[in-house]
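Residue indices begin at 1 and follow the sequence shown. Computed from heavy atoms alone, side chains included, the values below leave out hydrogens, waters and symmetry copies.
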Amino acid sequence: MTTELRRLRNFIDGEFRDAADGRTTEVVNPATGEAYATAPLSGAADVDAAMAAAEAAFPAWRDLVPGERQKVLLKIADAFEARAEELIAAESENTGKPLALTRSEEVPPMVDQIRFFAGAARMLEGRSAGEYMEGLTSIIRREPIGVCAQVAPWNYPMMMAVWKFAPALAAGNTVVLKPSDTTPASTVLIAEIIGGVLEELGHPKGVFNVICGDRETGRLMVEHPVPAMASITGSVRAGMQVAESASKDLKRVHLELGGKAPVVVFDDADIAKAVEDIAVAGYFNAGQDCTAATRVLVHESIHDEFVTALAKAAADTKTGQPDDEDVLYGPLNNANQLKQVAGFIERLPGHAKLEAGGHRVGEKGYFFAPTVVSGLKQDDEIIQHEVFGPVITVQSFADEDQAVSYANGVEYALASSVWTKDHGRAMRMSKKLDFGCVWINTHIPLVAEMPHGGFKKSGYGKDLSAYGFEDYTRVKHVMTSLD
């Protein structure tokens with residue numbers, strides 16, 4: 001007996017639609033490895049329709065006073081809370097994530113972030129008026145950019161959708177959002193929720209649109225003439241392709257890409273606390289986090305003690321099915337990701353030592369054991385490239401200068417952390433570490449009020465905070481003659 005697959009659809013101009021040519025892809029639950037739904041494989045006609053809807057809705061949405069946009073976002077936040085269990089179920093089926101952790105660690109921050117940007121909507125301001133040339137007054141207008149083409153990743157499909165649409169809508173832009181082809185379910189549900197709020201409050205239906213599809217769909221969105229901005233969270237390769245495509249008509253680009261976060265542990269650190277916190281920050285979400293604590297640098301005097309403790313913490317960490325409340329993380333997102341993570345372990349150099357894990361868990365779904373690898377050198381593949389799995393590497397360093405050299409010696413520059421009781425050292429390291437975020441004696445907390453974004457191949461632009469909000473605006477100078 002075969003179970004009929006659920007049918008997900010695009011959301012364009014307030015209506016759910018199939019792809020114009022009827023093409024679909026299967027959507028697989030990574031906890032089972034089995035398909036549970038189909039989603040549209042959108043093509044040029046679907047992208048055209050979504051962009052036309054967003055473009056038509058833009059003038060009315062742009063011209064709303066900020067307080068009205070705030071009301072919409074607050075209503076969306078309330079609706080997210082009211083339908084939290086539906087969102088949690090959809091996201092868990094999307095990703096295989098533990099239900100309990102999705103409930104406690106994702107939905108509350110998402111709602112808070114929407115409410116933050118609802119407040120930010122009323123803070124669109126420029127510098128005060130002034131006379132910088134005799135007889136002329138200058139003012140600055142901050143304006144929305146226009147239609148935003150946005151592409152969200154599969155590691156946090158629901159939360160990253162919020163990071164995309166909330167600042168864009170708050171600033172007065174309209175949105176066409178594409179989820180990953182492996183995780184469209186929660187985004188389609190978000191479209192239903194937002195569409196309902198827009199309809200209830202009498203706003204244009206095309207303010208928020210969702211189209212499902214693959215990499216080619218994303219390319220069509222970015223190269224489409226209507227959007228004034230392209231925003232993507234994804235791999236470095238995807239970001240480079242988006243930047244190249246957007247360059248053809250000089251679109252503004254917002255990129256949040258890969259990471260290889262160094263976790264620098266000095267000899268005066270509280271080893272027990274550091275190990276406990278780093279294990280959680282490294283294995284949470286199966287290590288599928290650009291800021292994950294997966295590249296640990298430990299002072300040589302405590303290296304062996306630290307590795308022993310970390311290996312034990314890995315052995316005590318549990319992965320499993322979404323309904324098991326005793327697990328820290330679920331499966332890797334898809335079969336290709338499982339193959340990629342396993343490949344890094346299979347290709348380890350002879351000098352590396354596998355301290356824990358390093359293998360698939362079970363035969364059903366894409367689960368991988370919590371893994372610790374030591375004995376590594378700075379130029380090893382697993383140090384230089386993003387694994388994006390539950391794998392923590394450990395290197396040793398002799399002094400502060402070497403720690404900085406190793407930490408900065410990769411192409412990524414998103415997040416980092418320093419573990420020490422020496423305040424002066426912590427301040428020196430926070431200055432020298434070439435990363436968009438430096439945590440001290442902690443790793444991975446995020447708040448809506450503070451920016452998230454990196455340097456180098458981790459991309460440019462900020463998510464969250466007033467800085468992220470400003471990324472979705474443009475600056476106009478208006479000068480008036482006083483004569």
Side-chain angles (χ1 to χ4, degrees), residues 4-28 35-61 72 76 79-80 83 86-87 89-91 93-94 146-154 157-158 160-162 164-165 168-169 173-227 230-232:
E4 185 176 350
L5 301 181
R6 191 183 321 155
R7 180 183 170 199
L8 304 174
R9 306 174 79 190
N10 292 331
F11 187 77
I12 299 173
D13 204 20
E15 298 176 350
F16 283 103
R17 308 181 188 179
D18 295 323
D21 60 9
R23 291 185 301 160
T24 63
T25 58
E26 285 194 342
V27 185
V28 173
Y36 70 92
T38 63
L41 181 54
S42 299
D46 307 297
V47 173
D48 285 344
M51 294 301 174
E55 184 177 34
F58 174 63
W61 184 250
V72 175
I76 291 169
F80 270 48
R83 301 182 67 175
E86 293 176 69
L87 288 165
E91 188 73 337
E93 201 164 29
N94 248 348
V147 176
C148 296
Q150 302 183 318
V151 179
W154 48 251
M158 190 164 63
M160 293 301 99
V162 169
K164 298 293 181 204
F165 78 72
L169 296 184
N173 303 287
T174 54
V175 166
V176 178
L177 173 66
K178 188 190 87 68
S180 167
D181 56 344
T182 67
T183 56
S186 58
T187 310
V188 171
L189 178 56
I190 285 171
E192 179 187 326
I193 293 171
I194 294 177
V197 171
L198 290 170
E199 184 176 14
E200 178 187 346
L201 298 180
H203 295 297
K205 296 177 180 179
V207 167
F208 181 79
N209 307 271
V210 168
I211 56 174
C212 303
D214 59 7
R215 197 172 297 164
E216 174 64 12
T217 311
R219 185 188 66 77
L220 291 169
M221 288 173 57
V222 173
E223 294 185 357
H224 199 279
V226 165
S231 173
I232 177 176

Could you tell me if the side chain of Val176 sits less than 4.5 Å from the side chain of Met51, heavy atoms only? yes
Heavy-atom closest pair (Leu8 atom, Pro184 atom, distance to 0.1 Å) is CD1-CG, 3.7 Å
Taking all non-hydrogen atoms of both residues, which atom of Ala20 and which atom of Ala45 are closest, and how far apart? CB-CB, 3.8 Å
Chi angles and distances behind the salt bridge (Lys or Arg N to Asp or Glu O under 4.0 Å) call for Lys205, Asp13: CA-CA 5 Å; Lys205 296 177 180 179; Asp13 204 20; over 6 Å; no
Heavy-atom nearest pair, Ala168 first then Val175, reads CB-CG2, 3.7 Å
Heavy atoms of Asn209 and Ala54 approach each other most closely as ND2-CB, 3.8 Å
Is the shortest heavy-atom distance from the side chain of Pro157 to the side chain of Ser186 under 4.5 Å? yes
In Å and rounded to the nearest 0.5 Å, what is the CZ to OG distance from Phe165 to Ser231? 13.0 Å
Would you say Glu199 has more than 12 foreign heavy atoms packed within less than 6.0 Å of its CD? no
Out of Val222, Val47, Asp181, which residue meets the side-chain contact (heavy atoms from CB on, under 4.5 Å) rule with Thr217? Val47
Other residues, nucleotides and ligands only: do more than 12 of their heavy atoms fall within 6.0 Å of CZ on Arg23? yes
To the nearest 0.5 Å, what is the distance between CG on Leu177 and CE on Met160? 12.0 Å
NE2 of His224 to CD of Glu55: how many Å apart, nearest 0.5 Å? 8.5 Å
Step by step, work out the side chain to side chain contact (heavy atoms under 4.5 Å, CB included) result for Phe11 and Val188. CA-CA 7 Å; Phe11 187 77; Val188 171; over 6 Å; no
Which distance, rounded to the nearest 0.5 Å, do you find between the CG of Leu198 and the CD1 of Ile76? 6.0 Å
Of all heavy-atom pairs linking Pro153 and Ser180, the shortest is C-CB, 4.0 Å
Show the numbers, then the answer: is there a salt bridge (Lys or Arg N to Asp or Glu O under 4.0 Å) between Arg17 and Asp46? CA-CA 9 Å; Arg17 308 181 188 179; Asp46 307 297; over 6 Å; no
What heavy-atom pair brings Asp21 and Leu41 nearest, and what distance separates the two atoms? OD1-O, 4.2 Å
Measure the shortest side-chain to side-chain distance between Leu189 and Glu91 over non-hydrogen atoms and say whether it is less than 4.5 angstrom. no
With no hydrogens and no angle check, is any side-chain donor or acceptor of Asn173 less than 3.5 Å from a backbone partner on Val147? no
Met221 and Ile211, any side-chain heavy atoms less than 4.5 Å apart: yes
At what distance, to the nearest 0.5 angstrom, does CG of Leu87 lie from OG1 of Thr187? 10.0 Å
Side chains of Asn10 and Ser42: does their closest heavy-atom pair fall under 4.5 Å? yes
What's the verdict on side chain to side chain contact (heavy atoms under 4.5 Å, CB included) for Phe80 and Ile190, showing C-alpha distance, side-chain angles and the deciding distance? CA-CA 8 Å; Phe80 270 48; Ile190 285 171; 3.7 Å; yes
About how many Å separate CZ of Arg9 and CD of Glu15, when rounded to the nearest 0.5 Å? 9.5 Å
Does Glu26 use its side chain to pair, donor to acceptor, with the backbone of Ala35 at less than 3.5 Å? no
Are the side chains of Trp61 and Val72 in contact, using a 4.5 Å heavy-atom criterion? yes
